[in-house]
Amino acid sequence: MRSTIGLSLRDETIFRILATLPVRDGSPQYRIRTEGETYERVTTEDNLEDAKG
(Lines give C-alpha, C1' and ligand atoms only; values in the text may rest on other atoms or scores of the structure.)
Protein backbone atom coordinates (compact mmCIF):
# COMPACT_ATOMS: atom_id res chain seq x y z
CA MET A 1 0.00 0.00 0.00
CA ARG A 2 1.31 3.43 -0.84
CA SER A 3 2.07 5.69 2.12
CA THR A 4 -0.39 8.56 2.50
CA ILE A 5 -0.53 11.56 4.79
CA GLY A 6 -1.48 10.46 8.29
CA LEU A 7 -0.41 6.85 7.80
CA SER A 8 2.90 5.56 9.04
CA LEU A 9 3.72 2.40 7.13
CA ARG A 10 6.92 0.39 7.32
CA ASP A 11 8.81 -0.16 4.11
CA GLU A 12 7.76 -3.26 2.21
CA THR A 13 4.62 -3.85 4.28
CA ILE A 14 2.59 -6.56 2.57
CA PHE A 15 -1.19 -6.37 2.82
CA ARG A 16 -3.53 -9.23 2.01
CA ILE A 17 -6.76 -8.39 0.18
CA LEU A 18 -9.65 -9.87 2.17
CA ALA A 19 -12.63 -8.67 0.15
CA THR A 20 -13.68 -6.42 -2.69
CA LEU A 21 -16.06 -3.54 -2.00
CA PRO A 22 -18.13 -1.27 -4.25
CA VAL A 23 -16.37 1.18 -6.57
CA ARG A 24 -15.72 4.63 -5.06
CA ASP A 25 -14.98 7.63 -7.29
CA GLY A 26 -14.24 5.28 -10.19
CA SER A 27 -11.75 3.12 -8.28
CA PRO A 28 -12.49 -0.34 -6.80
CA GLN A 29 -12.20 -0.60 -3.01
CA TYR A 30 -10.70 -3.43 -0.98
CA ARG A 31 -10.63 -4.59 2.64
CA ILE A 32 -6.99 -5.29 3.47
CA ARG A 33 -4.88 -6.39 6.45
CA THR A 34 -1.27 -7.21 7.29
CA GLU A 35 -0.24 -10.38 9.07
CA GLY A 36 0.39 -8.73 12.48
CA GLU A 37 -2.69 -6.50 12.63
CA THR A 38 -5.93 -7.36 14.39
CA TYR A 39 -7.94 -4.82 12.40
CA GLU A 40 -8.74 -4.30 8.73
CA ARG A 41 -8.30 -1.25 6.54
CA VAL A 42 -10.29 -0.09 3.53
CA THR A 43 -8.45 1.41 0.56
CA THR A 44 -9.04 2.12 -3.09
CA GLU A 45 -7.15 0.35 -5.86
CA ASP A 46 -5.16 3.47 -6.73
CA ASN A 47 -3.47 3.25 -3.30
CA LEU A 48 -2.20 -0.28 -3.90
CA GLU A 49 0.97 -1.50 -5.56
CA ASP A 50 1.81 -4.98 -6.77
CA ALA A 51 3.90 -6.75 -4.11
CA LYS A 52 6.13 -8.15 -6.83
CA GLY A 53 7.20 -4.64 -7.79
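Heavy atoms only: backbone and side chains are in, while hydrogens, waters and symmetry mates are out. Along the sequence shown, residues are numbered consecutively beginning with 1.
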Starting at CZ of R31, measure out to CD1 of I17 and round the result to the nearest 0.5 Å. 12.0 Å

Show the nearest heavy-atom pair for residues T34 and T13, with the distance to one decimal. CG2-CG2, 3.4 Å

Looking only at non-hydrogen atoms, find the nearest pair between L21 and Y30 and report the distance. CD1-C, 4.1 Å

Can you tell me how far CZ of R16 sits from CD of E40, rounded to the nearest 0.5 angstrom? 9.0 Å

Looking at every heavy atom in both P22 and Q29, which two are closest together, and how far apart are they? O-NE2, 2.9 Å

Less than 4.5 Å apart, side chain to side chain, heavy atoms only: is that true for T44 and D25? no

Drop me the distance from R33's CZ to I14's CD1, to the nearest 0.5 angstrom. 15.5 Å

